[in-house]
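All of these numbers come straight from a predicted model, not from anything done at the bench. Note that these values count all heavy atoms, side chains included, but never hydrogens, waters or copies made by symmetry. Below, read A as the first sequence line, B as the second, and so on, with proteins coming before strands; counting in each chain starts at 1.
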Number of protein chains: 2
Amino acid sequence: MPYRAVVSAELAKLFGILSHPMRIRIIEELKKEDLTVGALKDILGITHSAVSQQLAVLRSHHLVVEMRQGRNVFYHLRKPDLAHWIMEGVGFISPDPSEVEKMMSAIESAKSAWGDEKPQAKRKKRGA
Amino acid sequence: MPYRAVVSAELAKLFGILSHPMRIRIIEELKKEDLTVGALKDILGITHSAVSQQLAVLRSHHLVVEMRQGRNVFYHLRKPDLAHWIMEGVGFISPDPSEVEKMMSAIESAKSAWGDEKPQAKRKKRGA
DNA sequence: TATAGATATGCTAATTTCTGCACAAATTCA
DNA sequence: TGAATTTGTGCAGAAATTAGCATATCTATA
């Protein structure tokens, strides 16, 4: 009953939802554009059933929303901020010392990829 | 090896670490002040062993740091921002419709508690 | 020796995830 | 009209994983 328990339980649930690499990947892709199950399947290289089920998990907590269009179902982030917030979490990860180097560059790439549509130039929105 | 897989795997791991209410509670308490295992045990109402083990999980990803003082071991957040970032996650939770009301006020309380050191004396906000 | 905490062990229980399959909805075309 | 196709959902069941807890033991400080 204490609000702390309530809120921390809800947060824990949210974190549980996000504790799967594929679901993170999905959110990452969905940040760039709305996608169908089929498209995600190709991008992620897993079965369409698996994609659908991961989407069901995300949907169950209203992190994504479905929009039917003809025989396609496009998914998009209910709150695009989610992707941004997740990426901020990178500041708290601590990879193996042995892979710190690799991770650092991976993080750099990921940051620019999540921040912009394209990792390369094309957009010069980011100063400094 | 694609950086996306690397980063999303690391993030998933981080989220996994945070997907337990008690660990969130611990972080919440640690945000306010450094605490010993014994103190946390009293606050959370669980055994000292359980506290210690949850701390071990948090420690394993360097989310908390231990500082020995005499025979006490004080824990504190390695990056205090963590608590702030976690609380922002509240924007993405979606409680049961039946408990939305309750949740909303709980969230309000939690926000002020996490935002400030002091939850403010005895608020009387609960109406219907 | 007593206190504070960490760690090892063992058990249990629960959860998650995947594969394959069947089903449903929208579409296409004969 | 209606059969076949595309697209996606959901279930069932197996399997792995794993997470959490309590007890008990071990270390370090005092």
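Paired with A:Ile26 under the rule side-chain contact (heavy atoms from CB on, under 4.5 Å), one option of A:Leu55, A:Leu77, A:Val57 passes, and it is A:Leu55. When each of B:Val65, B:Leu35, B:Val37 is paired with B:Tyr75, the side-chain contact (heavy atoms from CB on, under 4.5 Å) condition holds for B:Val37 and for no other.
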Short heteroatom pairs, N/O only, protein and nucleotides 27-30 of chain C, under 3.5 Å:
none

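Look at A:His20 and you'll find a side-chain N or O under 4.0 angstrom from OP1 or OP2 of C:dT17.
Comparing the axis of the opening five pairs of the helix from C:dT1-D:dA30 to C:dA30-D:dT1 with that of the closing five pairs yields an angle of 30°, rounded to 10°.
Partners of A:Ser19 according to the side-chain hydrogen bond (donor to acceptor under 3.5 Å, both in side chains) rule, which considers only residues two or more places apart in sequence or in another chain, do not exist here.
Linking ILVMFWY residues whenever their side-chain heavy atoms come closer than 4.5 Å, directly or via other members, places A:Ile17 and A:Trp85 in the same cluster.
If you check every strand for non-hydrogen atoms under 4.0 Å, A:Ser49 touches a base.
Within residues 51-60 of chain B, the residues approached by DNA chain D to less than 4.0 Å at the level of any non-hydrogen atom are B:Gln53, B:Gln54, in residue-number order. A heavy atom closer than 4.0 Å to some atom of DNA chain C occurs in B:Thr36, B:Val37, B:Gly38, these being the qualifying members of residues 36-46 of chain B.
As a whole-Å value, the separation of A:Phe15 CZ from C:dT16 P is 16 Å.
Protein chain A touches strand DNA chain D; the 5'-most and 3'-most nucleotides with an atom under 4.0 angstrom of its non-hydrogen atoms are D:dT5 to D:dC11.
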